[in-house]
Amino acid sequence: MKNLTLLGSTGSIGRQTLEVAAANPDRLRIRALAAHSNVDVMLSQIRQCKPDLAVLTDQAAAEELRRRYDGKTEILAGEEGLLAAATYEETDTVLGAMVGYAGLEPTLAAIESGKDIALANKETLVAAGHLVMEAVAENHVRLTPVDSEHSAIFQSLRGGTHDEVKRLILTASGGPFLHLSKEELAHVTVEQSLHHPNWNMGRKVTVDSSTLANKGLEVMEAHWLFQMPYSKIDVVIHPQSIVHSLVEFCDGAVLAQLGVPDMRLPIQYALSFPERYRCAFDQLDLVQAGPLTFLEPDTDKFPALAIAIACGKAGGTLPCVFNAANEVCVEAFLAGRIRYLEIPELIRRTVEAHENISRPGIAQIRETDARTRRYTERLIAER
Ligand code: NDP
Ligand code: MG
């Protein structure tokens with residue numbers, strides 16, 4: 001039996017994780033849930049899973065939850081509550097499904113208290129991959145990927161040694177705007193950007209998928225998870241999202257993991273590893289999947305991918321800057337404050353203005369994240 005804390009339980013990955021737990025009741029037990037402010041969903045999750053702890057980081061929402069709930073689960077609030085859930089003594093595995101940089105500190109706290117981590121929250125590895133991986137090594141915990149591409153690579157890597165790997169090939173659906181011209185991209189609306197062809201995800205990652213910033217974040221995520229140099233990580237567009245990613249070995253063999261686009265599969269694998277549990281969900285029918293196609297990403301149309309990779313290669317605080325600028329721009333775009341093509345443009349300007357710091361500690365990461373947000377906000381206000 002694995003005892004879980006689920007950070008970000010009310011979101012897309014969070015809700016699907018609870019479906020995986022419900023499908024494996026004698027293997028997975030939910031001990032703590034945490035989210036930001038969604039009282040209705042949290043209340044129904046508490047009633048369904050009966051965790052020991054439930055946390056809403058928003059104080060007013062936590063108070064409302066306390067007023068509306070009258071049962072045995074202890075309700076906590078704020079950052080303190082979040083850290084208590086991340087380090088809860090009855091928990092052995094923390095599934096990180098919060099969105100954005102906010103997931104970094106609770107993930108580090110969980111690692112430092114000896115918890116295994118199943119990680120969906122890629123921004124954590126982007127902002128401070130060196131600190132997260134050092135903490136994982138020092139505390140002898142296991143970090144398994146939830147992101148579908150990284151789950152595919154993680155599984156394919158079992159076919160050879162680290163030294164035998166020639167390159168990792170991350171697939172990208174290309175998002176809803178794959179075939180639009182640059183001129184057409186200029187007029188993209190929020191509503192259009194929230195319609196992903198293959199996946200039903202949270203708003204931020206859906207916009208990131210459409211700009212290919214998501215694939216840029218995932219290249220950095222792969223660099224840290226698999227300890228691979230950037231020269232050995234490639235991206236290929238695969239619009240059907242059936243081949244979730246591939247590993248090419250030195251002898252020319254290419255191993256891939258395939259499946260229907262359903263996040264419950266990689267979530268379950270991240271929790272079942274090194275075992276495999278039986279699948280309770282739909283499985284792949286190759287004939288029905290139809291032709292599988294692959295093409296080169298167009299970084300002229302989608303510059304966020306190239307900017308992200310350049311930041312990853314430069315290292316230091318630049319990946320954190322890329323991430324913070326992207327978070328601010330996506331939020332501003334969703335709020336109707338900037339246009340679609342301003343997202344990569346404002347990220348580029350923020351990144352270019354940054355003076356890189358190598359091997360930043362956590363205090364420098366915090367400072368860089370906060371300062372970058374102010375800088376990008378100022379660019380938005382002044383334009
Ligand atoms: P959602 O926006 O659907 O959910 C985000 C979750 O995080 C919600 O539970 C939200 O709570 C919670 N949250 C946000 N801010 C805070 C905070 N400050 N403190 C505590 N909780 C917080 O996101 P997704 O589930 O789509 O994505 C989660 C992560 O997984 C992202 O990093 C994403 O890139 C990654 N991912 C997602 C995939 C997907 O299919 N959705 C696929 C692969 C990776 P509340 O609801 O109360 O606001
Ligand atoms: Mg992914």
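Whatever order the structure lists ligands and atoms in, that order sets their numbers, starting from 1.
Of the N or O atoms in Ile13, one or more lie within a sub-3.5 Å distance of an N or O in ligand 1. Ligand 1 has no N or O atom lying under 3.5 Å from any N or O atom of Met263, backbone or side chain. Of the N or O atoms in Asn38, one or more lie within a sub-3.5 Å distance of an N or O in ligand 1. An N or O contact shorter than 3.5 Å is missing between Asn214 and ligand 1 by distance. Residue Gly8 has at least one N or O atom closer than 3.5 Å to an N or O atom of ligand 1. The shortest N or O to N or O distance between Ser37 and ligand 1 is under 3.5 Å. At least one N or O atom of Thr10, backbone or side chain, sits closer than 3.5 Å to an N or O atom of ligand 1.
Using cut-offs of 30° and 60° on the angle between ring planes, the pair Trp224 and His130 is tilted. Classified by interplanar angle (parallel below 30°, tilted 30° to 60°, perpendicular above 60°), the ring pair Phe333/Tyr340 is perpendicular.
Checked by atom type and distance alone, the side chain of His238 pairs as donor or acceptor with a backbone atom of Thr293 at under 3.5 Å. A side-chain donor-acceptor contact under 3.5 Å links Asn356 to the backbone of Leu318. The backbone N or O of Tyr230 sits nowhere less than 3.5 Å from a side-chain atom of Lys313 that would complete a donor-acceptor pair.
Ligand 1 has no atom lying under 4.0 Å from any heavy atom of Ala34. Heavy-atom distances between Glu123 and ligand 1 reach below 4.0 Å in at least one pair.
Of all atoms in ligand 1, numbered sequentially from 1 with element shown, those under 4.0 Å from a heavy atom of Ser9 are 9 (O).
Between the side chains of Arg276 and Gln155, at least one donor-acceptor pair of N or O atoms lies under 3.5 Å. Glu184 and Ser181 are linked by a side-chain donor-acceptor pair at a separation below 3.5 angstrom, with hydrogens and angles left out of the test. A donor-acceptor pair shorter than 3.5 Å cannot be found between the side chains of Thr91 and Asn3. When only modelled atom types and interatomic distance are considered, Asn38 and Thr10 share no side-chain donor-acceptor pair under 3.5 Å. For the residue pair Gln364/Thr368, the side-chain donor-acceptor check at 3.5 Å is not satisfied.
Remark: minimum distance from atom 35 (C) of ligand 1 to any protein heavy atom is reached at Ala120 O, 3.2 Å. Among all non-hydrogen protein atoms, the one lying nearest atom 4 (O) of ligand 1 is Gly11 CA, 3.1 Å. Among protein heavy atoms, atom 5 (C) of ligand 1 sits closest to Val99 CG1, 3.7 Å. Protein heavy atom nearest atom 26 (O) of ligand 1, with residue, atom name and distance: Gly202 N, 2.8 Å. Looking only at protein heavy atoms, the nearest one to atom 16 (C) of ligand 1 is His36 CB, 3.6 Å. Closest to atom 44 (C) of ligand 1 among all protein heavy atoms lies Asp147 OD1, 3.5 Å. Regarding atom 34 (O) of ligand 1, its nearest protein heavy-atom neighbour is Lys122 CE, 3.2 Å. Protein heavy atom closest to atom 33 (C) of ligand 1, with residue, atom name and distance, is Val205 CB, 4.0 Å.
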Please assess Asp92 against Arg142 for the test salt bridge (Lys or Arg N to Asp or Glu O under 4.0 Å), listing each intermediate value before the final yes or no.
CA-CA 11 Å; Asp92 43 65; Arg142 177 182 277 158; over 6 Å; no

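Taking the ring axis of Tyr88 as reference, the NZ or CZ atom of Arg31 does not stay both within 45° of it and closer than 6.0 Å to the ring centre.
Within the protein, the N, O or S atoms sitting under 2.8 Å from the Mg ion (ligand 2) are Asp147 OD1, Glu149 OE1, Glu218 OE2.
From Thr376, atom OG1 reaches atom CG of Leu346 across 7.5 Å, with rounding to the nearest 0.5 Å. Within the model, atoms CD of Glu63 and CG of Leu56 stand 11.0 Å from one another, a figure rounded to the nearest 0.5 Å. In this structure, Leu33 CG and Asp52 CG are separated by 10.0 Å, a value rounded to the nearest 0.5 Å.
Hydrophobic clustering keeps Phe281 apart from Tyr269 (ILVMFWY residues linked when any side-chain heavy atoms are closer than 4.5 Å, directly or through intermediates).
With a 4.0 Å cut-off on non-hydrogen atoms, Thr57 touches ligand 1 through its side chain and not its backbone. Residue-level proximity to ligand 1 for Ala102 is carried by the side chain, the only part with a heavy atom below 4.0 angstrom.
Ranked by closest heavy atom to atom 7 (O) of ligand 1, the top entry among Met98, Arg264, Gln16 is Met98. Among Ser12, Ala97, Ala35, Gly14, the residue whose heavy atom lies nearest to atom 6 (C) of ligand 1 is Ala97.
Tested against Leu170 for a side chain to side chain contact (heavy atoms under 4.5 Å, CB included), the candidates Asp234, Leu246, Ile153, Val236 yield a single pass: Ile153.
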